[in-house]
Number of protein chains: 2
Amino acid sequence: MSSLEQRCAKAGLKMTGQRRVILKVLGEASDHPSVEDVYDRAKEVDDSISIATVYRTLSLLDELDMVIRHEFQEGYSRYEVNDEHHHHLIDLDTGKVVEFQNDELEALKEKIARDLGYELIDHRLELYGKKLPKS
Amino acid sequence: MSSLEQRCAKAGLKMTGQRRVILKVLGEASDHPSVEDVYDRAKEVDDSISIATVYRTLSLLDELDMVIRHEFQEGYSRYEVNDEHHHHLIDLDTGKVVEFQNDELEALKEKIARDLGYELIDHRLELYGKKLPKS
DNA sequence: AATAGACTTGCGAAATATTCGCATTTTATC
DNA sequence: GATAAAATGCGAATATTTCGCAAGTCTATT
């Protein structure tokens with residue numbers, strides 16, 4: 001049983017064939033698949049799966065905080081498994097997504113929120129850039 | 001002629017009654033109106049205006065960099081005039097949007113992008129928080 | 001291993017947000 | 001004022017996501 005399946009069980013979700021497939025797809029994805037992407041990959045394993053189930057499952061996983069839903073200004077959502085905290089830099093020429101993490105940034109965000117009188121619950125940061133010529 | 005109208009003229013856009021109304025609505029907004037909001041406010045001035053025109057105008061203004069389009073994870077877009085650079089903290093209890101600016105943050109973002117080998121073209125940062133009890 | 005009952009699924013329809021085609025109107029320019 | 005290009009309104013089309021419901025499946029309990 002995968003770690004994702006365990007977390008689902010702990011949340012009281014029934015482990016159906018469709019959910020197992022979707023969790024497998026998510027666990028194996030190294031990109032940030034859209035709902036359609038997840039649907040396509042899941043269909044390769046179980047052709048009978050419906051896109052409504054993919055939507056419903058991803059919503060559930062999002063509520064459980066097991067995945068992160070992104071809206072990279074494309075008009076649709078992309079998902080990734082929520083394990084290590086990080087942010088994204090989107091290459092404006094290729095669409096490639098680079099992940100990064102920065103402790104100084106984390107501290108600064110906390111401080112900004114606190115200074116505004118707020119407890120920081122969540123946040124999102126996206127950088128959009130173009131590749132620099134190698135120097 | 002408002003400053004927004006001037007910028008439109010400079011871009012070669014024709015100044016129609018509808019555009020004038022939409023620009024006025026945007027210029028007077030102190031919140032972050034959705035397309036529907038802009039449409040409603042514009043209709044109070046000119047009842048014949050169509051929502052398609054509002055969509056088209058906002059898209060144009062976005063391309064011209066005269067407005068900023070936000071997607072605060074609500075399933076629709078909100079707009080604001082692009083004057084002073086700033087970011088947003090969204091109050092999770094009330095939905096209120098607090099604007100802020102932080103130079104240290106700006107410098108850090110530039111540095112992160114550069115270290116990853118990218119020129120920073122654009123970025124977005126949103127903090128989501130809950131109000132701290134006054135101490 | 002049969003059963004109950006709640007949960008889940010697939011399907012198509014519906015809801016939402018946004019874009020588009022096209023005939024008509026308006027604008028800026030001459 | 002005539003002209004060409006641009007903009008508008010309308011309704012239809014698209015795209016993404018949600019929903020209702022009948023049928024199927026899972027888990028716990030006999």
Side-chain angles (χ1 to χ4, degrees), chain A residues 1-2 4-25 32-40 42-64 66-79, chain B residues 1-2 4-26 32-40 42-43 45-64 66-79:
Chain A
M1 202 194 212
S2 77
L4 283 174
E5 287 186 31
Q6 282 174 19
R7 291 175 64 186
C8 281
K10 195 168 293 178
L13 297 190
K14 293 190 173 166
M15 193 43 53
T16 64
Q18 292 91 328
R19 281 191 183 150
R20 235 182 288 272
V21 172
I22 292 170
L23 292 176
K24 183 172 183 306
V25 166
H32 302 75
S34 65
V35 176
E36 200 72 32
D37 291 334
V38 175
Y39 175 53
D40 288 344
K43 261 197 308 194
E44 285 179 22
V45 184
D46 173 1
D47 187 52
S48 77
I49 206 164
S50 108
I51 197 161
T53 296
V54 178
Y55 270 104
R56 277 187 288 234
T57 303
L58 289 172
S59 290
L60 272 174
L61 297 177
D62 187 26
E63 277 169 39
L64 295 175
M66 290 175 53
V67 298
I68 297 179
R69 181 162 66 91
H70 292 288
E71 295 192 359
F72 291 150
Q73 306 247 304
E74 299 166 305
Y76 56 85
S77 299
R78 305 173 139 216
Y79 289 85
Chain B
M1 202 199 227
S2 77
L4 284 173
E5 287 185 31
Q6 282 174 19
R7 291 175 63 186
C8 279
K10 194 168 292 178
L13 298 190
K14 293 189 174 168
M15 193 45 53
T16 66
Q18 292 92 328
R19 281 193 183 149
R20 234 181 290 271
V21 171
I22 292 171
L23 291 175
K24 183 172 182 303
V25 166
L26 290 174
H32 303 75
S34 65
V35 176
E36 200 73 31
D37 291 334
V38 175
Y39 175 54
D40 289 343
K43 260 198 308 195
V45 184
D46 174 0
D47 188 52
S48 76
I49 204 165
S50 110
I51 196 162
T53 297
V54 178
Y55 270 105
R56 278 187 285 233
T57 304
L58 288 172
S59 289
L60 271 175
L61 297 178
D62 187 27
E63 276 169 40
L64 295 175
M66 289 175 55
V67 298
I68 297 179
R69 181 162 67 91
H70 291 289
E71 295 192 0
F72 291 150
Q73 305 248 302
E74 299 166 306
Y76 59 85
S77 299
R78 309 174 102 181
Y79 289 85

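Below, all heavy atoms of this structure are taken into account, side chains as well, without hydrogens, waters or symmetry copies. Per chain, numbering begins at 1; letters A, B, ... match sequence-line order.
- Using a 4.0 Å heavy-atom distance criterion, A:Tyr76 is classed as a sugar-phosphate-only contact.
- Dashed line: the shortest gap from a side-chain N or O of B:Ser77 to OP1 or OP2 of C:dA17 is not under 4.0 Å.
- Distance check, rounded to the nearest 0.5 Å: CD1 of B:Ile49 to CZ of B:Arg19 gives 10.5 Å.
- In this structure, A:Ile51 reaches neither bases nor backbone, as no heavy-atom distance under 4.0 Å exists between it and the strands shown.
- Within the 4.0 angstrom heavy-atom criterion, only backbone atoms of the sugar-phosphate kind lie near A:Arg19; the bases stay farther away.
- A distance-only check finds no donor-acceptor pair linking the side chain of A:Asp62 to the backbone of A:Ser59 [under 3.5 Å].
- Listed candidates were D:dT18, C:dT19, C:dT18. Nearest to the side chain of A:Tyr55 is D:dT18.
- Rounding to the nearest 0.5 angstrom, the gap separating the NZ atom in B:Lys24 from the CG atom in B:Leu4 is 12.5 Å.
- Here the side chain of B:Val35 is nearest to one of C:dT18, D:dG11, C:dG10, namely C:dT18.
- The distance from atom CD of A:Glu36 to atom P of D:dA15 is 11 Å, rounded to the nearest whole Å.
- Considering only side-chain atoms of B:Met15, the nucleotide from C:dT9, C:dA28, D:dG9 that sits closest is C:dA28.
- The OG atom of A:Ser77 sits 9.0 Å away from atom CD of B:Glu71, with the distance rounded to the nearest 0.5 Å.
- Between B:Thr16 and D:dA7, a side-chain N or O to OP1/OP2 separation shorter than 4.0 Å is absent.
- The distance from atom CG of A:Asp37 to atom C1' of D:dA15 is 15 Å, rounded to the nearest whole Å.
- Rounded to an integer number of Å, the gap from CG of A:Leu61 to P of C:dT8 is 11 Å.
- Atom CZ of B:Arg56 is separated from atom C1' of C:dA17 by 15 Å (rounded to the nearest Å).
- Of the candidate nucleotides D:dG20, D:dG9, C:dA28, D:dG9 has the atom lying nearest to any side-chain atom of B:Ser50.
- Comparing A:Leu13 and B:Lys14 along DNA chain D, the residue whose closest nucleotide (by nearest heavy atom) sits nearer the 5' end is B:Lys14.
- Contact annotation: B:Thr53 reaches the phosphate of D:dG9 (side-chain N/O to OP1 or OP2, under 4.0 Å).
- At least one side-chain nitrogen or oxygen of B:Gln18 sits closer than 4.0 Å to the OP1 or OP2 atom of D:dG9.
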